[in-house]
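What follows is one structure encoded as structure tokens, with my remarks underneath.
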Amino acid sequence: MKKTDYKRILSNYSLRGFALGLILAAIVILLSFDAEVVRQYGGGLQTLLALMPGLWVVLLFPFIFAIVGYQVANVFVRSIRKQNKRIKREAGKTKMVLGFIDNLRQGNLEESLPDNQKRDALTKALIKLREFMVQNKRDQEQRRLEEEQRTWVTQGLAQFAELLRKNNDNLEELSYNIIHYLVNYMKINQGGVFLLNQPSNGDEKYFEMTACVAYERKKFADKIIGWGEGLVGRCALEKSTIYMTDVPEDYVNITSGLGEATPKAVMLVPLKANEEIYGVIELASFHAFEQFEIEFVEKLGESIALTISTVKTNMKTNKLLKETQIQAEKMAQQEEELRQNLEEMKATQEESERQALEMQGILDAIDHAAISCEFETDGTLISVNHNFLSTFKYRPEEIEDQNLRIFFFKEDVGELDKILAQLQEGQNFRGRVRRRTKLGEEIYLLTTYSPVVDNDGEIMKILSLENDVTEQVQMEEALKRSKDELGVMLEEARNEVKGHFKEIEAVKIRNEKTLEGALDAIITTNKEGMLEFFNAAAEKLWGYNREEVLGEHVSKLFSKDATKNDPFVSAFVNSNGSKVIGERKEVPILNKYGEEVPVLFLLSDAEVGDDHSYTAFIQNVEVELF
């Protein structure tokens with residue numbers, strides 16, 4: 001409000017007070033004229049003032065009320081002035097707030113409040129709002145940066161997974177593809193792959209540089225680093241990432257068309273899976289590596305290690321399969337040779353038995369021409385026949401009244417006494433007895449001693465019928481020796497066969513355990529297409545327990561459409577089809593839940609004699625790397 005407005009208010013209030021006082025004074029005076037005393041004395045205003053001196057005050061009412069109106073107006077004006085100042089101050093403050101808010105809306109978060117601005121609750125709230133928006137902008141920028149980094153990492157991992165899936169048969173080619181991909185994707189200058197080699201002859205393990213790339217040029221290097229040597233060996237030994245920004249000048253040079261220079265940052269990441277080291281990746285760059293780039297390479301290191309492990313397992317499995325096939329063929333050949341040897345030994349044994357039968361027939365014939373004699377129960381000779389004399393080479397007078405003991409060797413006399421004691425008890429004796437001729441020669445007789453009794457049951461004499469079986473005994477001993485030798489040969493052959501079968505069984509068990517623990521699914525079918533082997537990875541891939549599929553036809557594992565339209569699957573499930581051997585194919589399989597899953601299929605075969613089997617190595621195309 002303008003200054004003249006304040007004066008107008010003072011004038012109006014003063015005039016209104018004067019007019020009000022004048023009106024009140026007039027009313028009081030007019031009412032006073034009606035008083036009884038005034039009417040008695042009559043007269044005008046002077047008489048009235050004389051009779052009522054207090055009316056002088058009433059006459060001052062216009063001035064008094066004018067002064068009161070002025071004072072009231074003055075109080076009101078001062079109040080208005082204060083209110084206007086407050087409104088003006090609030091308007092300036094509102095303008096300042098609107099300007100500050102407009103700056104915030106436009107993103108000018110650096111704008112600050114005037115230094116002379118009073119810090120009340122509103123300004124403090126605005127300052128906090130600006131600080132919140134500044135922090136929120138920083139957080140958004142950080143989240144945007146982190147999202148870009150996550151997108152970069154995710155895309156890199158996806159591309160890398162595809163690279164590993166396509167190149168997992170050759171370690172050198174895989175190594176070059178890995179390092180070439182990393183150098184290009186991370187926009188760095190140089191990198192190398194060192195794979196761990198463990199010699200089978202027991203020598204110390206070492207790292208070999210299988211691939212290196214600098215400025216998109218493929219370098220071939222024959223660089224060997226011992227276990228625990230240098231930064232590569234240290235990285236593998238500690239199983240942790242090594243990152244250096246203070247690189248010695250003589251450590252490594254990056255070569256370009258403009259010359260050589262030392263990198264500003266070097267990173268070594270171990271290729272580690274399940275706490276086992278498979279190699280080391282070394283990267284060099286002219287700029288420092290970000291933390292997300294280091295974590296990206298560490299994640300890739302685990303995937304690379306798993307892929308290298310799979311490649312080595314496949315190579316080892318193929319080697320084992322070839323060794324198994326060679327061993328099986330060798331065992332089959334040895335088995336055939338052993339079978340022929342057994343047939344020959346069986347023929348020899350049959351010939352020996354035939355000769356034994358012939359000898360028995362000869363002995364029976366000799367029995368008809370028996371050697372006969374008679375003697376007392378104490379062994380004293382009574383009579384002998386011609387065959388007896390001829391056999392023992394005695395003349396009749398030389399053996400007259402002689403005892404049987406002269407025909408026994410000293411060490412056999414005890415046996416004769418036992419026979420005589422047996423005869424004296426009335427028992428017969430039949431057996432083969434060794435005898436001694438006059439010339440001291442050893443002969444064997446098949447002897448039958450029979451007691452001859454009288455009417456009283458008393459033993460009169462002993463009748464002896466004997467046959468010379470010396471040749472038979474000699475042949476039996478020779479045959480026994482032959483049988484012993486044959487038995488030794490048979491035992492040796494049996495032990496050799498058992499050893500071969502144990503070796504075959506051990507190889508088979510070892511191979512089955514190796515195949516059972518493989519990361520890839522492995523199945524084996526016979527030539528009729530019946531499933532004979534189904535490892536744990538195959539159970540996980542198809543969803544079947546091995547008990548559900550072993551003995552079933554392999555067509556159970558594929559859809560009818562794939563069996564009919566896919567040439568590879570059709571040839572595999574058809575027992576008469578020409579199988580595609582040694583070539584990796586991507587085909588669909590049918591799991592237990594009726595879902596078709598794309599896989600990589602590699603088929604190998606083994607033929608031992610009439611037995612023909614096929615082994616398939618299957619990798620899931622949709623392998624989850626992390």
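Residues meeting the side chain to side chain contact (heavy atoms under 4.5 Å, CB included) test with Glu147, sequence neighbours left out: Arg150, Thr151. Under the ring pair (Phe, Tyr, Trp, His ring centres under 6.0 Å) criterion, Phe534 pairs with Trp542, sequence neighbours left out. In this view, Glu596 and Ser559 satisfy the side chain to side chain donor-acceptor pair (under 3.5 Å) rule, not counting sequence neighbours. Gln340 pairs by the side chain to side chain contact (heavy atoms under 4.5 Å, CB included) definition with Glu336, not counting sequence neighbours. Residues satisfying the side chain to side chain donor-acceptor pair (under 3.5 Å) test with Lys330, not counting sequence neighbours, are none. Not counting sequence neighbours, the partners of Ser555 by the side chain to side chain contact (heavy atoms under 4.5 Å, CB included) test are His553, Val573. Residues passing the side chain to side chain contact (heavy atoms under 4.5 Å, CB included) test with Ile581, sequence neighbours excluded: Lys579, Leu603, Asp605, Tyr614.
At least one side-chain heavy atom of Leu268 sits under 4.5 Å from a side-chain heavy atom of Glu282. Inter-residue side-chain proximity for Ile523 and Val549 is flagged as unmet; no heavy-atom pair is nearer than 4.5 Å. Taking 4.5 Å as the limit, some side-chain heavy atom of Pro270 sits within range of a side-chain heavy atom of Thr241. Glu298 places a side-chain heavy atom less than 4.5 Å from the side chain of Ile294. Side-chain atoms of Ile281 and Leu300, non-hydrogen and from C-beta on, never get closer than 4.5 Å to each other. For the pair Met244/Leu231, a side-chain contact is recorded, criterion being any heavy-atom separation below 4.5 Å from C-beta on. Counting heavy atoms from C-beta outward, Leu283 and Phe289 have side chains that approach closer than 4.5 Å.
When all heavy atoms are compared, the tightest approach of Asn565 to Asp561 is ND2-OD1, 2.6 Å. Closest approach of Gly582 and Leu602 over heavy atoms only: C-CD1, 3.5 Å. Nearest heavy atoms, Ile308 versus Leu271: CD1-CD1, 3.9 Å. Here the closest heavy-atom approach between residue Ala305 and residue Tyr278 is recorded as CB-CD1, 3.8 Å. Taking every heavy atom of both residues into account, Val280 and Ala236 meet most closely at CG2-CB, 4.0 Å. Contact between Ile188 and His287 at its shortest, heavy atoms only, is CG2-NE2, 4.1 Å.
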Could you go through residues 586-593 and list every donor-acceptor pair under 3.5 Å that involves a side-chain atom there, pairing it with any protein atom two or more places apart or in another chain?
unit_1	atom_1	unit_2	atom_2	d
Asn591	OD1	Tyr593	N	3.0
Asn591	OD1	Gly594	N	3.1
Asn591	OD1	Glu595	N	2.8
Asn591	ND2	Glu595	OE1	3.1
Lys592	NZ	Glu548	OE2	3.3

Note to self: As a quick check of understanding, evaluate side chain to side chain contact (heavy atoms under 4.5 Å, CB included) for Val232 and Met209, giving each step before the final call.
What the structure shows: CA-CA 10 Å; Val232 173; Met209 178 185 283; over 6 Å; no

Margin query: Set out, in order, the CA-CA distance, both residues' side-chain angles and the distance that settles salt bridge (Lys or Arg N to Asp or Glu O under 4.0 Å) for Lys299 and Glu295, then state yes or no.
Written below: CA-CA 6 Å; Lys299 289 182 179 179; Glu295 295 175 355; 5.9 Å; no

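Between the side chain of Asn545 and the backbone N or O of Glu547 there is no donor-acceptor pair closer than 3.5 Å. Proximity of a side-chain donor or acceptor of Asn535 to a complementary backbone N or O of Asp520 within less than 3.5 Å is detected.
Taking 4.0 Å as the cut-off between side-chain N and carboxylate O, Glu343 and Arg339 count as a salt-bridged pair.
To the nearest 0.5 angstrom, Phe533 atom CZ is 13.0 Å from Thr525 atom OG1. The CG atom of Leu182 lies 8.0 Å from the CD1 atom of Ile178; values are rounded to the nearest 0.5 Å. Separation of atoms CD1 (Ile225) and CD (Glu208) is listed at 10.5 Å; rounding is to 0.5 Å.
Within a 6.0 Å sphere centred on NZ of Lys556, heavy atoms belonging to other residues, nucleotides or ligands number more than 12.
Counting only residues at least two apart or on different chains, the ring pair (Phe, Tyr, Trp, His ring centres under 6.0 Å) pairs with a member in residues 559-588 are Phe568-Phe601, Phe572-Phe601. For the salt bridge (charged side-chain N to carboxylate O under 4.0 Å, His left out) condition, the pairs that include at least one residue of residues 229-245, sequence neighbours left out, are Arg234-Glu238. Applying the salt bridge (charged side-chain N to carboxylate O under 4.0 Å, His left out) definition to pairs two or more places apart or across chains, those involving residues 531-544 are Glu539-Arg546. Contacts classified as ring pair (Phe, Tyr, Trp, His ring centres under 6.0 Å) and involving residues 292-311 (residues at least two apart or in different chains) are given here: Trp152-Phe292, Trp152-Phe296, Tyr185-Phe296.
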